[in-house]
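Position 1 is the first residue of the sequence; numbering continues from there.
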Amino acid sequence: MLAHKSVYKSVYKVRRSAGKLVIYTILICVAAVCLIPFLWMVSTSLKSSRAIFAFPPEWLPNPVHWSNYRDAWTIVPFAKFFQNTVAVALLCTIGTLISSSMAAYGFARLRFKGRSFLFAVMLATMMIPWEITAVPLYVEFNALGWIDTLKPLIVPSFFGSAFNIFLLRQFFYSIPYDLDEAALIDGCRPFDIYLRIMLPIIRPAMVAVAIFQIVAAWNDFMGPLIFLNRTENFTMTLGLNLFRNSFLIEWDRLMAAASFTTVVPIIVFFFGQKQLIGGIATSGLKR
């Protein structure tokens with residue numbers, strides 16, 4: 001009997017290991033296919049103009065032209081574009097975290113008349129395409145004198161985001177109400193409960209929202225294209241578009257500009273992927 005159990009366990013372990021091996025092999029192959037365009041972009045950025053169109057294609061540049069990055073950075077004022085993009089991404093992230101977390105806390109933990117209806121209306125706004133609101137927003141920002149400034153890209157984030165509010169609300173729901181009741185008995189006000197108790201607990205979800213917002217603000221193209229006019233106010237995406245329109249034939253420098261434009265989102269996701277996956281996976285789970 002013991003021998004049969006031992007054989008069964010051995011067979012089970014072999015099958016389980018084989019299944020994992022197949023799954024990991026498939027995932028590695030899919031990841032490699034997805035990485036091919038990025039790797040080709042980096043490879044092209046380090047080649048000479050003549051080597052780019054060589055046949056058969058060369059993956060490893062020889063020699064390596066690091067000067068392409070220096071030229072791409074200086075031909076157009078990418079340093080100024082980088083400064084503008086960092087300012088927009090950081091301020092948008094701060095505004096989104098503050099406004100979305102407070103709204104989500106109100107929808108999840110506070111009881112007031114019409115809460116469900118207001119939450120449903122907020123969710124309904126997620127179905128409205130941004131293209132429909134672009135013209136009214138432009139008219140509004142133009143009346144305020146904000147066109148060709150960074151304010152139209154920053155200020156709306158301080159009024160919350162429907163998706164982020166929904167994500168954080170589901171996370172707030174996973175926290176037992178016993179904590180609120182105990183804090184109220186100790187004399188805490190609702191804002192103190194939100195600030196001192198809830199925010200530390202939902203840190204994984206806040207990190208996930210921060211990553212989403214940083215990447216979205218960094219890669220935003222339509223917003224800056226509509227609201228910005230002067231070159232000194234451009235963000236990285238508009239700078240890359242300016243570079244493409246001005247130097248269409250210089251693919252080596254264009255790929256170099258595209259490469260350092262994508263560095264920050266990759267770094268942010270690399271260091272925050274654990275919190276990002278954990279925040280999404282645990283949202284809505286009852287503790």
Side-chain angles (χ1 to χ4, degrees), residues 88-141 143-144 146 151-217 220 223 272 275-287:
V88 171
L90 289 180
L91 292 176
C92 283
T93 302
I94 294 173
T96 298
L97 291 177
I98 295 174
S99 58
S100 297
S101 62
M102 293 182 68
Y105 174 78
F107 281 124
R109 316 299 290 190
L110 302 181
R111 296 178 175 87
F112 55 90
K113 188 177 181 180
R115 182 181 66 170
S116 300
F117 174 75
L118 291 177
F119 184 72
V121 171
M122 184 207 68
L123 290 181
T125 62
M126 297 175 62
M127 297 184 289
I128 302 176
W130 188 85
E131 291 78 8
I132 294 179
T133 61
V135 174
L137 285 174
Y138 185 90
V139 174
E140 179 182 353
F141 293 143
L144 293 173
W146 289 0
K151 293 179 182 178
L153 306 178
I154 298 172
V155 174
S157 64
F158 284 85
F159 292 89
S161 167
F163 173 77
N164 294 327
I165 292 174
F166 172 76
L167 178 64
L168 294 176
R169 174 183 177 269
Q170 297 306 108
F171 211 96
F172 276 123
Y173 261 134
S174 67
I175 303 174
Y177 278 91
D178 296 343
L179 293 177
D180 301 60
E181 296 174 356
L184 289 173
I185 293 174
D186 289 339
C188 286
R189 296 172 298 178
F191 184 77
D192 294 327
I193 298 174
Y194 156 78
L195 186 63
R196 300 180 180 181
I197 299 176
M198 296 299 168
L199 286 186
I201 295 177
I202 66 166
R203 185 173 61 89
M206 295 287 281
V207 173
V209 170
I211 294 175
F212 281 137
Q213 186 59 43
I214 290 175
V215 174
D220 185 21
Q275 296 288 345
L276 173 64
I277 297 173
I280 298 176
T282 57
S283 62
L285 296 180
K286 201 70 175 178
R287 294 183 179 181

Review point. Thr96 versus Phe158: any side-chain heavy-atom pair under 4.5 Å?
Key: no
Check your understanding: Would you say Leu137 and Pro152 make side-chain contact, with heavy atoms under 4.5 Å?
Key -> no
Review point. Just wondering, do Leu199 and Ser101 contact through their side chains at under 4.5 Å, heavy atoms?
Key: yes
Check your understanding: If every non-hydrogen atom of Pro200 is compared with every non-hydrogen atom of Ile197, which pair is closest and at what distance?
Key -> CD-O, 3.4 Å
Exercise for review: Would you check, one step at a time, whether the test side chain to side chain contact (heavy atoms under 4.5 Å, CB included) holds for Met122 with Phe107?
Suggested key: CA-CA 11 Å; Met122 184 207 68; Phe107 281 124; 4.0 Å; yes
Exercise for review: Measure the spacing between CG of Leu97 and CE of Met102 and express it to the nearest 0.5 Å.
Suggested key: 12.5 Å
Revision key, fill the gap. Scanning both residues in full, the closest heavy-atom pair of Ile201 with Phe171 reads O-CE2, 3.9 Å
Check your understanding: Pick one: which of Arg196, Arg189, Arg111, Arg109 meets salt bridge (charged side-chain N to carboxylate O under 4.0 Å, His left out) with Asp180?
Key -> Arg109
Exercise for review: Look up atom CG in Leu184 and atom CD1 in Ile193, then write down how far apart they are to the nearest 0.5 Å.
Suggested key: 4.0 Å
Exercise for review: Give a yes or no on this: more than 12 heavy atoms of other residues, nucleotides or ligands lie within 6.0 Å of atom CZ of Phe159.
Suggested key: no
Check your understanding: Do other residues, nucleotides or ligands put more than 12 heavy atoms under 6.0 Å from Arg115 CZ?
Key -> yes
Point to revise | Separation between CD1 of Ile202 and CD1 of Ile175, rounded to the nearest 0.5 Å | key: 6.5 Å
**Study point:** Non-hydrogen atoms of Ser161 and Ser100 that approach each other most closely
**Key:** N-OG, 3.3 Å
Practice item. Check the surroundings of atom CZ in Phe117: do more than 12 heavy atoms from other residues, nucleotides or ligands lie under 6.0 Å from it? Key: no
**Study point:** Reported CG-to-NZ distance for the pair Leu118 and Lys113, which is rounded to 0.5 angstrom
**Key:** 12.0 Å
Check your understanding: Which pair of heavy atoms, one from Gly223 and one from Leu153, lies closest together, and at what distance?
Key -> C-CD2, 3.7 Å
Practice item. Might you point out which heavy atoms bring Ala205 and Leu168 nearest each other, and give the distance in Å? Key: CB-CD2, 3.7 Å
**Study point:** Gln213 and Thr93: CA distance, side-chain angles, deciding distance, side-chain hydrogen bond (donor to acceptor under 3.5 Å, both in side chains) verdict
**Key:** CA-CA 6 Å; Gln213 186 59 43; Thr93 302; 5.6 Å; no
Exercise for review: Nearest 0.5 Å please: distance from the OG atom of Ser99 over to the CD1 atom of Ile165.
Suggested key: 6.5 Å
Check your understanding: What's the spacing between Met127 CE and Ile132 CD1 if we round to 0.5 Å?
Key -> 11.5 Å
Exercise for review: Report the relative orientation of the aromatic rings in Tyr105 and Phe172; use parallel for angles under 30°, tilted for 30 to 60°, perpendicular for over 60°.
Suggested key: perpendicular
Practice item. Indicate, with yes or no, if the rings of Phe163 and Phe166 have centres closer together than 6.0 Å. Key: no
Practice item. Could you check if a side-chain atom of Phe141 sits within less than 4.5 angstrom of a side-chain atom of Pro136, using non-hydrogen atoms only? Key: no
